[in-house]
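Let me begin by presenting the structure, written as structure tokens, before commenting on it.
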Amino acid sequence: AAGVIQSPRHLIKEKRETATLKCYPIPRHDTVYWYQQGPGQDPQFLISFYEKMQSDKGSIPDRFSAQQFSDYHSELNMSSLELGDSALYFCASSLGGYTGELFFGEGSRLTVL
Amino acid sequence: GDSVTQMEGPVTLSEEAFLTINCTYTATGYPSLFWYVQYPGEGLQLLLKATKADDKGSNKGFEATYRKETTSFHLEKGSVQVSDSAVYFCALSVRRNSGGGADGLTFGKGTHLIIQP
């Protein structure tokens, strides 16, 4: 069965650079969530989209922005990168807005040097 | 705000031992409760869930019962295997957006489970 696809899987950037992560949800899923997981930490909710509109906002820094496109894929844009942004970024998808049951991708590991 | 508290790890057990990982929560409203599992180098996978009080979620020999009176959702398994070694996250979700919308999950800190042969 098709799963959530994230790209790139690994990304290395310098401080103050910009990075973009992409997420392709499970086919027919209309809801996308972004989470940030630091080393040894629990996933922190960043932002979510339902039917291409921002739905819920968590601890997403102002330097980050995200959107969901007409094909339901989503992109997380991170600017002015800081060392503390180094983390595993997970995307998850679900069908029909709130269900509570999320399907996670394998994550994109961002390293900021 | 909403929060989840789960027992600190790592938890180390021998194969075939009985497992309990405690999880308690605070939430406004009536949350749905979940256990997610993360194997090394992988994303999170839903293990089981319960959406209302007294519901019991179960999967792969794991069980958890939604206890509203104690605000708990403890994870149990009668006989663990080496392949159960992973990090387990308790999580909750409270529906805030009526008529649709995607409310994020609130996770606990995770419990690293190590099963020795």
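Everything numeric in this text was worked out from a predicted model, so none of it was measured.
Between the side chains of Tyr33(A) and Ser94(A), a donor-acceptor pair is found at a separation under 3.5 Å. There is a side-chain donor-acceptor pair under 3.5 Å between Ser3(B) and Thr26(B). Side-chain N/O atoms of Thr111(B) and Gln6(B) include a donor and acceptor closer than 3.5 Å.
Scanning for side chain to side chain donor-acceptor pair (under 3.5 Å) contacts around Glu42(B) gives Gln45(B), with sequence neighbours left out.
Contact residues of residues 66-78 of chain B toward chain A are absent (heavy-atom distance under 4.5 Å).
Only the side chain of Phe89(B) comes within less than 4.5 Å of a heavy atom in chain A; its backbone stays farther off. Heavy-atom distances place no part of Glu51(A) under 4.5 Å from chain B, backbone and side chain included.
Contact check for Leu105(B) versus Tyr36(B): side-chain heavy atoms found under the 4.5 Å cut-off.
Surrounding CD of Glu8(B) are at most 12 heavy atoms belonging to other residues, nucleotides or ligands under 6.0 Å away.
The pair Asp85(A)-Lys13(A) fails the salt-bridge criterion, with no side-chain N (NZ, NE, NH1 or NH2) lying under 4.0 Å from an Asp/Glu carboxylate O.
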